[in-house]
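Inspection log for the structure reproduced underneath, given as structure tokens.
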Amino acid sequence: TQSTRPQRILGAVQQNATRGDPRSVVRAIDQYCRNQEWAMNVGDEKGCILDSVVSEVNPATVLELGTYCGYSTVRIASLLPPHAKLITLEFNPEFAVIARQVIAWAGLEDKIQLVEGASGDLIPKMKEQFGVETFDLVFLDHWKDRYLPDTKLMEECGLLRKGSVLLADNVICPGTPDYLEFVRSSPRYESQYFKSHLEYTKVEDGLEKSVFLG
Ligand SMILES: Cn1ncc2cc([C@H](O)c3cccc(CNC(=O)c4cc(-c5ccc(F)cc5)cc(O)c4O)c3)ccc21
Ligand SMILES: [Mg+2]
């Protein structure tokens, strides 16, 4: 039977990456997606910007919206301090199955909690069900029309504190116009655009970093 793209990405990790070595997992996925078949990972170019923001924030609690195959999940978790935790939300069970295996191959199960479900349903349960106070860093990489409603939902649920950092992928391609307008015009956010390219291509894309001012 025909394999899926996520299954082929997992295969590339298992064949080319070293168990327990997160950076080799990231490298294996980037090499596969650059040379064999494109996939919607944040990728190596935007990934370096992601790395620098994660290192600067040095977060104890991270929320990722949209796991896919776990590329950015592993990339972020590999930079977290010892007791830090990353919660990643994935609604597609097929993606979740693959991501769990990619995360396991990287040896990062202890830092990462993958929760299956839709962000709009899970965000209101974060405090009671997952014992979260607030998030130091949120990486938005799920459906682009959910970035704005979920940001408002996180505010309403008290999940953002003064200084919480939102980092959004794909603000140019595919684009998140309503979200961009909101964070750039709201007095409650300090926003900055990091120009880059769509993963594995020469098309313009970028990350928007927005600090919640409380
Ligand atoms: C509600 N909820 N809660 C959790 C949750 C999780 C998911 C899934 O992880 C999921 C499934 C499908 C699509 C996405 C969003 N990602 C994209 O659509 C994307 C596209 C492109 C691109 C760019 C150019 C093209 F030509 C084609 C695709 C480049 C990129 O980097 C992307 O992130 C995310 C979805 C909704 C969810
Ligand atoms: Mg993306």
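Counting starts at 1 for both ligands and their atoms, following the listed order. Nothing here was measured: the structure is a model prediction, and the numbers come from that model.
Between Glu199 and Lys46 a salt bridge is recorded (basic side-chain N to carboxylate O distance below 4.0 Å). Under 4.0 Å is where a charged nitrogen must lie from a carboxylate oxygen, and between Lys202 and Asp205 no such pair does. Salt bridge Glu155/Arg188: present, at least one basic N to carboxylate O contact under 4.0 Å. Note on Glu64 versus Arg75: no salt bridge recorded, every NZ/NE/NH1/NH2 to OD/OE distance being 4.0 Å or above. One finds a salt bridge joining Asp44 and Arg34 here, because a Lys/Arg side-chain nitrogen approaches an Asp/Glu carboxylate oxygen to under 4.0 Å.
An N or O contact shorter than 3.5 Å links Asp141 to ligand 1 by distance. Between Glu90 and ligand 1, an N or O atom pair is found at a separation short of 3.5 Å.
Of the protein's non-hydrogen atoms, the one nearest atom 36 (C) of ligand 1 is Trp143 CD2, 3.4 Å. The closest protein non-hydrogen atom to atom 27 (C) of ligand 1 is Trp38 CH2, 4.1 Å. Leu89 O, 3.7 Å is the protein heavy atom nearest to atom 4 (C) of ligand 1. Closest protein heavy atom to atom 3 (N) of ligand 1: Ser119 N, 3.0 Å. Among all protein heavy atoms, the one lying closest to atom 15 (C) of ligand 1 is His142 O, 3.2 Å. At the top of the distance list for atom 11 (C) of ligand 1, counting protein heavy atoms only, stands Phe95 CE1, 3.6 Å. Counting only heavy atoms of the protein, atom 17 (C) of ligand 1 lies nearest to Lys144 CE, 3.4 Å. Counting only heavy atoms of the protein, atom 20 (C) of ligand 1 lies nearest to Pro174 CG, 3.7 Å.
Atoms of ligand 1 found under 4.0 Å from any heavy atom of Glu199, numbered from 1 in the order shown, are 29 (C), 30 (C), 31 (O). Listed by atom number, the atoms of ligand 1 under 4.0 Å from Ala118 heavy atoms are 3 (N). Counting the atoms of ligand 1 from 1 in the order shown, those under 4.0 Å from a heavy atom of Asp169 are 31 (O). With ligand atoms numbered from 1 in the order given, ligand 1 contributes 4 (C), 5 (C), 6 (C), 7 (C), 35 (C), 36 (C), 37 (C) to contacts under 4.0 Å with heavy atoms of Phe91.
Distances from the Mg ion (ligand 2) show that Asn170 has an N/O/S atom below 2.8 Å. With 2.8 Å as the limit, Asp169 counts as an N, O or S neighbour of the Mg ion (ligand 2).
Counting only heavy atoms from C-beta outward, the side chains of Tyr68 and Asn41 approach each other to under 4.5 Å. The side-chain heavy atoms of Arg23 and Ser78, taken from C-beta on, include a pair separated by under 4.5 Å. Under the 4.5 Å side-chain criterion, counting only non-hydrogen atoms from C-beta, Leu207 is not in contact with Lys209.
Annotation: cation-pi pair Lys152/Phe182 present, NZ/CZ under 6.0 Å from the ring centroid and within 45° of its normal. Both the sub-6.0 Å distance and the 45° axial angle are satisfied by Arg184 relative to the ring of Tyr193.
At a distance under 4.0 Å, no protein heavy atom can be found next to atom 25 (C) of ligand 1. Inside a 4.0 Å radius of atom 33 (O) of ligand 1 there is at least one protein heavy atom.
Val183 is connected to Leu148 through a chain of hydrophobic side-chain contacts under 4.5 Å among Ile, Leu, Val, Met, Phe, Trp and Tyr, so both are in one cluster.
Neither the backbone nor the side chain of Val42 has any atom closer than 4.0 Å to an atom of ligand 1 (non-hydrogen atoms only). Contacts with ligand 1 closer than 4.0 Å are made by no heavy atom of Asn92, backbone or side chain.
Residue Tyr147 places no heavy atom under 4.0 Å from ligand 1. Taking a 4.0 Å cut-off on heavy atoms, Asn170 registers as neighbouring ligand 1.
Atom CD of residue Glu90 and atom CG of residue Leu65 lie 10.5 Å apart, to the nearest 0.5 angstrom.
Between Tyr147 and His142, the ring-plane angle classifies as parallel under the 30° and 60° cut-offs.
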Open item on the list: Run the salt bridge (charged side-chain N to carboxylate O under 4.0 Å, His left out) test on Arg100 and Glu116 for me, step by step, so that the C-alpha distance in whole Å, both residues' side-chain angles and the decisive distance to 0.1 Å come before the verdict.
Closed with: CA-CA 11 Å; Arg100 290 188 197 285; Glu116 287 190 53; 3.3 Å; yes

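For Asp141, the N, O or S atom closest to the Mg ion (ligand 2) goes by the atom name OD1.
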